[in-house]
Structure formats: C-alpha cells, structure tokens
Participant: 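Here you go, one structure.
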Amino acid sequence: MKHITAKTKICMVIGDPIDHSLSPQIHNAGYEALGINDQFVYVASQVKIEHIADFLKGVKTMGIRGVSCTMPHKLIVMEYLDILDETAKTIGAVNTIVNEKGRLKGYNTDWLGVITPLEKLTSLSGKKVAVLGAGGAARAIIYGLTKKDAKVTIYNRTKEKAEALAMEFGCNVALLTDTKKLAASDIIINATSVGMKPHENQTPIDTKSIQKNQIVFDAIYTPFETKLLKEAKKHGAKTIPGIEMLLYQGIAQFELYTGKNAPEDIMRKVLYRYAKH
Ligand code: ATR
C-alpha cells in the first residue's frame with residue numbers, strides 16, 4: 001500500500017447490493033498494469049437509494065474522481081448531476097459519473113459493452129439484429145446498434161413495451177416465438193433476464209432458431225455461460241458471453257476516469273479469473 005499517498009484519487013462503484021461487484025478488481029488491476037496505482041485507487045460502496053443526494057454531495061466535497069453506478073442507481077443519479085452527455089440523455093440512464101473540477105458529468109458506457117465486442121467480429125451496418133427484451137439493458141443495446149446502422153428487431157414478452165421502444169429508435173417488432181424470423185437474423189442478443197441464476201435451465205427463445213452463421217450474445221453473466229450460449233455453440237454459432245459486456249463498459253469507464261488507454265488483456269484476465277469462481 002506504499003503507493004497510496006495524499007495525492008491518490010478515488011474512483012468507486014456504487015449499488016445496492018454491491019458486494020459481488022468485480023469492478024474494483026478490474027480497475028485496480030488496470031491501474032497497476034499501467035503503473036498509475038499511485039494516482040488512482042478504486043473501491044466499492046453500498047449506497048441506499050434514499051441517500052443518493054447526500055452521496056453525490058460527498059463526491060464533490062471529497063473530490064472523488066469517478067463513480068460507476070449499478071442497480072438501482074442508474075436513473076436516480078441523473079436528477080443530481082450538473083451535466084449529462086448526449087448519449088446518456090438518449091439512453092435515459094447513467095452508469096458513469098466523472099468529476100470534472102467539481103462539476104459532475106453523467107455518461108453511459110453500457111452500449112459500448114455490447115458494440116465493442118460485436119465489432120471485433122463483424123461490421124454492424126445493415127446487419128439484421130434480433131434484440132430479445134425491452135427493458136433498461138435492451139435500451140442501451142438498441143441505442144448502440146441503431147447508431148451503427150444495424151437493422152434492429154425487438155422481441156419482447158410484453159408487446160407494448162417493444163412497440164414503444166421501436167417507435168423511439170426506429171426499429172421493428174416481433175414475437176419471441178417467431179422462430180422463422182429469428183432464424184433469419186445475423187445476430188441475436190439476449191437482453192432479457194431469462195436464463196439468469198437461479199433459472200439457468202431456461203432460454204428466452206426456442207433454440208431451434210439458432211443458425212451456424214449467427215453470432216449470439218447474452219448480456220447475462222451469471223451463469224458465466226447461459227443455456228442459450230451453450231445451445232448456440234452446439235448449433236455452430238459464434239458466441240459472446242455477458243462478461244465481455246461487463247469488461248468493455250468498464251474499459252470505457254477506466255478511460256473516462258484516467259484519460260489513458262485501458263490495458264484490455266490484463267483487465268479481461270482478472271475479470272475472467274474472478275467471474276469463473
Ligand atoms: P434490465 O434493466 O436488466 O433490462 P428490466 O428493465 O426489468 O431489466 O427488463 C427485463 C426484461 O426481461 C424485459 O424485457 C422483460 O420482459 P417484459 O417487458 O415482458 O417484462 C424480460 N423478461 C423477464 N422475465 C421474462 C420471462 N420470464 N419471459 C420473457 N421475458 C422476460
């Protein structure tokens with residue numbers, strides 16, 4: 001701990017609950033790898049939603065450099081920030097707060113968590129993408145996909161929610177049971193909570209829809225590999241696990257807090273090591 005001095009800046013993640021967060025491990029590993037662990041340290045705090053206003057005052061008072069927000073804080077923090085970046089405004093949620101000389105600016109890096117790993121495999125322009133779900137996670141994903149000119153169809157259990165989102169972002173709507181339409185997609189992304197622990201035996205769609213030329217991405221990272229991804233592999237599709245989303249939204253936060261390129265491979269290694277336990 002010799003490297004921590006009075007000049008070290010604090011970054012942190014807040015949520016409720018928070019004790020399972022892997023953000024401290026990946027950010028601190030990144031600081032260490034770049035030799036900036038004398039400049040930055042990353043911690044976590046469980047903050048109750050009714051204490052958000054007090055907490056954000058504290059961020060200014062203490063000069064905390066960056067705050068990553070997870071559930072249930074992504075919406076409420078917006079009310080107390082000095083500036084909102086355009087992307088955060090459009091997505092309607094903040095997962096990243098940067099303290100710029102006492103002014104708090106809200107960003108959203110969740111969409112990059114999906115777009116960056118997808119773009120490592122393919123270009124998104126003109127691709128037919130099936131987004132399963134129409135909640136908060138789906139919103140950030142759909143924002144990113146439409147920004148990259150993909151042709152998005154939203155599949156959701158509650159049709160009205162899918163229609164409202166489709167109207168806002170200029171997408172199509174279909175039913176989760178539309179196996180034929182799903183099979184004709186280039187990419188399938190699960191943004192529902194179906195398949196998450198403790199319901200690991202479920203899949204949001206009939207896996208007969210999956211084709212070998214498709215890419216299947218699951219935003220869920222508990223379990224590490226969902227049943228949807230296991231089935232997709234069996235069908236010969238390329239798969240991306242939800243942990244990659246966690247990694248790339250974190251990498252974008254790291255770069256906003258430190259102003260430096262994140263050491264991606266080291267951060268991935270640390271994340272995978274902890275996530276697989
Ligand atoms: P998040 O912020 O993680 O996206 P959310 O806003 O609660 O969470 O959204 C959850 C998504 O999972 C919704 O699209 C929800 O569908 P509805 O809009 O019909 O509620 C979807 N979902 C949850 N349980 C589901 C289930 N058993 N079958 C199908 N979809 C489900």
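As the structure lists them, so they are numbered: ligands from 1, and atoms in each ligand from 1. Throughout, numbering of the chain's residues begins at 1 and tracks the sequence.
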Participant: Is the shortest distance from a Lys or Arg side-chain nitrogen in Arg65 or Glu100 to a carboxylate oxygen in the other one below 4.0 Å?
Facilitator: yes

Participant: If you have a sec, work out which protein heavy atom is nearest atom 3 (O) of ligand 1 and how many Å separate them, to one decimal?
Facilitator: Ala137 CB, 4.2 Å

Participant: Show me, pair by pair, the donor-acceptor contacts under 3.5 angstrom made by side chains of residues 121-137, not counting sequence neighbours?
Facilitator:
| residue | atom | partner | partner atom | Å |
| --- | --- | --- | --- | --- |
| Thr122 | OG1 | Lys127 | NZ | 2.9 |
| Lys127 | NZ | Ser123 | O | 2.8 |
| Lys128 | NZ | Ala184 | O | 3.4 |

Participant: May I ask you to identify the nearest protein heavy atom to atom 10 (C) of ligand 1, giving residue, atom name and distance to one decimal place in Å?
Facilitator: Ser193 OG, 4.5 Å

Participant: Check whether the side chains of Asn95 and Thr109 place a donor and an acceptor atom closer than 3.5 Å, and report yes or no.
Facilitator: yes

Participant: Among Val131, Val194, Asn156, which residue places a heavy atom closest to atom 29 (C) of ligand 1?
Facilitator: Val194

Participant: Does one side chain, of Tyr31 or Thr258, offer a donor that lies under 3.5 Å from an acceptor on the other?
Facilitator: no

Participant: Considering non-hydrogen atoms of the protein only, which is the closest contact for atom 21 (C) of ligand 1, and what is the distance?
Facilitator: Thr192 CB, 3.7 Å

Participant: Should you measure from each heavy atom of Gly136, which atoms of ligand 1 turn up under 4.0 Å away?
Facilitator: 1 (P), 2 (O), 4 (O), 6 (O)

Participant: Is there a donor-acceptor contact under 3.5 Å linking the side chains of Gln253 and Tyr107?
Facilitator: no

Participant: Does the protein come close to atom 12 (O) of ligand 1 - that is, does one of its heavy atoms sit below 4.0 Å from that atom?
Facilitator: yes

Participant: Where is the nearest protein heavy atom to atom 19 (O) of ligand 1: which residue, which atom, and how far?
Facilitator: Thr158 OG1, 2.4 Å

Participant: For ligand 1, which atoms, with element, lie under 4.0 Å from some heavy atom of Lys161?
Facilitator: 17 (P), 18 (O), 20 (O)

Participant: For ligand 1, which atoms have a heavy atom of Gly133 less than 4.0 angstrom away?
Facilitator: 14 (O)

Participant: N/O to N/O below 3.5 Å, does that happen between Ala134 and ligand 1?
Facilitator: yes

Participant: Considering non-hydrogen atoms of the protein only, which is the closest contact for atom 20 (O) of ligand 1, and what is the distance?
Facilitator: Arg157 NH2, 2.9 Å

Participant: Give the residue, atom name and distance (to 0.1 Å) of the protein heavy atom nearest atom 5 (P) of ligand 1.
Facilitator: Gly135 CA, 4.0 Å

Participant: If you measure only the distance, is there a donor-acceptor pair under 3.5 Å linking the side chains of Asp206 and Thr179?
Facilitator: no

Participant: Could you list the donor-acceptor pairs under 3.5 angstrom formed between side-chain atoms of residues 143-151 and any protein atom two or more places apart in sequence or on another chain?
Facilitator:
| residue | atom | partner | partner atom | Å |
| --- | --- | --- | --- | --- |
| Tyr143 | OH | Thr87 | OG1 | 3.1 |
| Thr146 | OG1 | Ile142 | O | 2.9 |
| Thr146 | OG1 | Tyr143 | O | 3.1 |

Participant: Return yes when atom CD of Glu200 has more than 12 non-hydrogen atoms of other residues, nucleotides or ligands closer than 6.0 Å, and no otherwise.
Facilitator: yes

